[in-house]
A.B. asks: 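Please read through the structure below; I'll follow up with questions.
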Amino acid sequence: MFVYADNAATTAVSKVAIDAMMPYLTTTYGNPSSLYSFAQNAKEALDEARQTVADIIGAEAREIYFTSGGSEADNQAIVSMAKLGALKGKKHLISTKFEHHAVLHTLKALEKQGYEVTLLDVHEDGVVRIEDLEAAIRPDTALVTVMFANNEIGTMQPIKEISEVCHAHGIPFHTDAVQAMGHVPVNVKEMGIDLLSMSGHKFHAPKGVGVLYAKRGLPLFNIIEGGQQERGKRAGTENIPGIVALAAALKESVDNMEANAAKIITMRDKLFAELSKIPHSKINGSLEHHVPGTVNMCFEGIEGESLLLLLDAKGVCASSGSACTSGSLDPSHVLLSIGLPHEVAHGSLRLSIGEYNTMEEIDHIIKVVPEVVAYLRSISPVWEDLENGKRQHLI
Ligand SMILES: *Cc1c(COP(=O)(O)O)cnc(C)c1O
């Protein structure tokens, strides 16, 4: 059996998205900047996609900028607010320790350019505390950026409360909503979000297309210079097929959100209930304030990498954290940020399921994970020490 349980890394493109984009690859392939009528169809498709995305998040079409993905949107949002702040003498940026690297590495680059960055702690439940944010705000704070939902442990942040604190201090608020879009309701007006990033391939659109929402009046600075596309804020011929697919996939996800969530949560709860029967295992973060599909657990005494390889051999695609950190031997910064000791963080497994998964697939995971964990423990010197009391169990 083959089970794809890594939907937080990427998703399959939906049939609706493929059908929507196909004409723009084959027959209606004009460049929307061209003036002849043949290209106007592409221009209309672009306008329509922009309106669809805007309507879904409670924005205006002119507040939507198409990008190459979530990373570019994060970069542009943060760099823009940093530069805007600097013009007013404000060079302090606030974020959290468990952001995606698209945010953390952008902040690091800005630090090298003379900005100061405060990264908020994330508590054991995977949620940032408002008091910590309030304490970190300074008169020279130029931006607060806090992710909507975490990509490794799935916990959601109190976005509305965070935006209220930011606005009380006149600070723009950006959120990386890549893991939330299409899975939970997101409304920029109701939630007070000034800038928001999303990525198509996390909700069944193709890879390489994303969105930056920036509230009207907030100046954006270019990351990509060139032509006048995206109202001069993002040069490069628009990825029309990708953009059309993104809008179609997002609409499909939002239209089916409740039914999908109900199905996914039923599968996730069974998965968690069964896997938590494995002795010395624990959920990372908590299942409260959580996107439906992501479960992250640790199993003491084993290596996450070995676990993944053996699961792969049994047909299960999972992750030990973010795809961006796999290949490195450092444990995930997300798991360390919620207080996991190094040796426990190493034994972590992220299963992220979606509406395309079936209960049969969940049953397969429930069967193979305990077998693989038991096998790895049987050959683990660390587990032996834990069992004969030479080391203390941490969970
Ligand atoms: C996947 C992801 C990104 C990056 O999006 P890309 O479109 O792959 O560049 C950024 N933030 C989060 C939280 C993600 O999960």
Side-chain angles (χ1 to χ4, degrees), residues 4-13 17 53 64-79 95-109 119 122 126-128 145-157 159 162 174-184 186 193 195-213 223-224 234 236 239 241-243 245-247 249-250 253 284-285 289-296 317-326 332-335 337-338 350-354:
Y4 184 75
D6 204 13
N7 287 276
T10 195
T11 59
V13 180
V53 173
I64 302 296
Y65 301 83
F66 290 108
T67 67
S68 67
S71 299
E72 187 189 327
D74 284 341
N75 273 258
Q76 190 168 13
I78 294 168
V79 168
S95 188
T96 76
K97 287 187 177 158
F98 80 157
E99 297 294 313
H100 190 273
H101 283 141
V103 169
L104 288 179
H105 290 175
T106 302
L107 292 170
K108 252 222 150 48
L119 295 181
V122 185
V127 182
V128 204
T145 172
V146 176
M147 70 198 317
F148 203 117
N150 183 268
N151 47 304
E152 289 188 38
I153 56 176
T155 51
M156 293 201 287
Q157 305 308 310
I159 294 300
I162 294 172
H174 166 252
T175 186
D176 174 338
V178 171
Q179 292 289 334
M181 287 310 303
H183 305 294
V184 294
V186 175
I193 298 165
L195 302 116
L196 173 145
S197 310
M198 66 175 98
S199 171
H201 74 101
K202 306 289 173 76
F203 52 76
H204 304 296
K207 294 156 188 69
V209 61
V211 169
L212 171 59
Y213 153 80
I223 302 279
I224 313 275
R234 202 286 181 178
N239 174 6
I243 289 167
L246 181 147
L250 183 60
S253 298
N284 294 324
H289 314 295
H290 207 280
V291 288
T294 305
V295 178
N296 192 315
C317 304
S319 157
S320 60
S322 96
C324 321
T325 30
S326 59
S332 135
H333 68 284
V334 172
L335 298 178
S337 80
I338 59 169
R350 178 185 73 183
L351 295 160
S352 46
I353 55 177

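Order of appearance sets the numbers: ligands from 1, and atoms from 1 within every ligand. The residues of the chain are indexed from 1 along the displayed sequence.
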A.B. asks: Hey, are H201 and T11 close enough side-chain-wise for a donor-acceptor pair under 3.5 Å?
C.D. replies: no
A.B. asks: Using modelled atom types only, decide if a donor and an acceptor are shared between the side chain of H289 and the backbone of M156 within a distance under 3.5 Å.
C.D. replies: no
A.B. asks: In ligand 1, which numbered atoms sit nearer than 4.0 Å to a non-hydrogen atom of M147?
C.D. replies: 13 (C)
A.B. asks: Give yes or no for whether the N/O distance cutoff of 3.5 Å, strictly under, is met between N151 and ligand 1.
C.D. replies: no
A.B. asks: At a non-hydrogen distance cut-off of under 4.0 Å, which region of K202 contacts ligand 1 (side chain, backbone, both, or neither)?
C.D. replies: side chain
A.B. asks: Can an N or O of A8 be found at a distance shorter than 3.5 Å from an N or O of ligand 1?
C.D. replies: no
A.B. asks: Counting each atom of ligand 1 from 1 as listed, which ones have a heavy atom of S199 under 4.0 Å away?
C.D. replies: 5 (O), 6 (P), 7 (O)
A.B. asks: Start with the C-alpha gap between H101 and H333, add the side-chain angles, then the distance that decides, and say whether side chain to side chain contact (heavy atoms under 4.5 Å, CB included) holds.
C.D. replies: CA-CA 10 Å; H101 283 141; H333 68 284; 3.4 Å; yes
A.B. asks: Can you report which non-hydrogen protein atom sits closest to atom 11 (N) of ligand 1, along with the distance?
C.D. replies: D176 OD2, 2.6 Å
A.B. asks: Check each atom of ligand 1 against the heavy atoms of G69 and keep those under 4.0 Å away; list them by number with element.
C.D. replies: 7 (O)
A.B. asks: Would you check if the side chain of E72 reaches a backbone N or O of S68 as a donor-acceptor pair within less than 3.5 Å?
C.D. replies: yes
A.B. asks: For the pair E152 (side chain) and R350 (backbone), establish whether a donor and an acceptor sit closer than 3.5 Å, ignoring hydrogens and angles.
C.D. replies: no
A.B. asks: Below 4.0 angstrom from a heavy atom of S71, which ligand 1 atoms are there? Numbered from 1 as shown, please.
C.D. replies: 4 (C), 5 (O), 6 (P), 9 (O)
A.B. asks: Side chains of D176 and S197: is there a donor and an acceptor less than 3.5 Å apart?
C.D. replies: no
A.B. asks: Got an N/O contact under 3.5 Å between H201 and ligand 1?
C.D. replies: yes
A.B. asks: Is there any N or O on E72 that sits under 3.5 Å from an N or O of ligand 1?
C.D. replies: no
A.B. asks: Do N150 and T155 meet the criterion of a side-chain donor-acceptor pair at a distance under 3.5 Å?
C.D. replies: no
A.B. asks: Students should be able to answer this: which protein heavy-atom is nearest to atom 3 (C) of ligand 1, and at what distance?
C.D. replies: H100 NE2, 3.5 Å
A.B. asks: In the protein, which heavy atom is nearest to atom 6 (P) of ligand 1, and how far is it?
C.D. replies: G70 N, 3.5 Å
A.B. asks: Determine yes or no for a side-chain-to-main-chain donor-acceptor pair under 3.5 angstrom, with E99 supplying the side chain and M147 the backbone.
C.D. replies: yes
A.B. asks: Short list, please: which atoms of ligand 1 are under 4.0 Å from a heavy atom of Q179?
C.D. replies: 13 (C), 14 (C), 15 (O)
A.B. asks: Side chains of Q157 and V146: does their closest heavy-atom pair fall under 4.5 Å?
C.D. replies: yes
